Amino acid sequence: MLEVAPGLPGRYLSINKPGFPLQQWMITEVEAYRGSDDLACHASKGRTPRTEVMYHTGGKLYIYLIYGIYWMLNIVTGEADNPQAVLIRGVTGFDGPGKLSKGLSIDRSFYGIDLVTSDLIWIEEKKRESIKVLKGTRIGIDYAGDIWKNKQWRFFVSNSE
DNA sequence: AGCAAGATCGGT
DNA sequence: CCGATCTTGCTG
């Protein structure tokens, strides 16, 4: 996922709901969560019904509710039994993971969807202009301790901040 | 069954 | 800085 995550900003999240026009948003900000060692990653707590899909082969969606209010949109990126995921933190027009899922109507029903085979939601690489991707520390994970808190695993388009 | 905590956000 | 709001996972 440290191979996948930096390449996501600049690509297009596409949603094609029946009866609605195709919608596409450029991904502007993501964060990588990698493996059971990463104390910021939910999988560090073990394999549970919620984190199950993270242990699958990459390409599926990991969705969960945070603070009882906001749905978080993640893409599983690891091989089987190697739990890794990328949190989509922002797209053009929606800055922030909570606002993003609210704006795109992402909820529990997207859990486990395979981006490769789904005709509802997928990631598309359009013309890649000269997009500069910057990196920084992940947000909202102070509980993970200094080592993991300070990893430069957030990647974002230089424009959108 | 009860409880503590959370990859956020918007308002004081 | 603080509360909203509810699912999850752990304890008993």
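Per chain, numbering begins at 1; letters A, B, ... match sequence-line order. Please read these numbers as outputs of a predicted model, since none were measured by experiment.
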Query raised in the report: According to a 3.5 Å limit on both distances, what stems of 3 or more consecutive Watson-Crick or G-U pairs are formed with DNA chain B?
Result: B:1-6 with C:6-11, B:8-11 with C:1-4
Report summary line: Here the salt bridge (charged side-chain N to carboxylate O under 4.0 Å, His left out) pairs for residues 134-145 of chain A, sequence neighbours left out, are A/D38-A/R138
Query - From CG (A/N74) to CE (A/M54), nearest 0.5 Å - result: 7.0 Å
Distance-only criterion, 3.5 Å: show the donor-acceptor pairs between side-chain atoms of residues 46-53 of chain A and protein atoms not counting sequence neighbours.
from, atom 1, to, atom 2, distance (Å)
A/R47, NE, A/E52, OE1, 3.0
A/R47, NH1, A/D81, OD1, 3.0
A/R47, NH2, A/E52, OE2, 2.9
A/T48, OG1, A/R50, N, 3.4
A/T48, OG1, A/T51, N, 3.3
A/T48, OG1, A/T51, OG1, 3.3
A/T51, OG1, A/G46, O, 3.2
A/T51, OG1, A/T48, N, 3.0
A/T51, OG1, A/T48, O, 3.4
A/E52, OE2, A/H56, NE2, 3.1

Query - Qualifying salt bridge (charged side-chain N to carboxylate O under 4.0 Å, His left out) pairs, either residue in residues 100-120 of chain A, two or more places apart - result: none
Query - Annotated protein contacts, base or backbone, on nucleotides 4-12 of chain B with a non-hydrogen cut-off under 4.0 Å, one of B, S, - each - result: --BBBSS--
Requested in this report: May I have the distance from A/W71 (atom CH2) to C/dC6 (atom P), rounded to whole angstrom?
Outcome: 11 Å
Report summary line: Those residues at least two apart in sequence (or on a different chain) that pass salt bridge (charged side-chain N to carboxylate O under 4.0 Å, His left out) with A/K149 are A/D146
Query raised in the report: Under the side chain to side chain contact (heavy atoms under 4.5 Å, CB included) test, which residues partner A/S118, sequence neighbours left out?
Result: A/I113, A/L120, A/I121
Query raised in the report: Under the ring pair (Phe, Tyr, Trp, His ring centres under 6.0 Å) test, which residues partner A/Y111, sequence neighbours left out?
Result: none
Query raised in the report: Which pairs with one or both residues in residues 56-80 of chain A pass salt bridge (charged side-chain N to carboxylate O under 4.0 Å, His left out), sequence neighbours excluded?
Result: none
Requested in this report: Name the nucleic acid region contacted by A/R47, choosing base, sugar-phosphate or nothing; use a 4.0 angstrom heavy-atom cut-off, strictly under.
Outcome: nothing
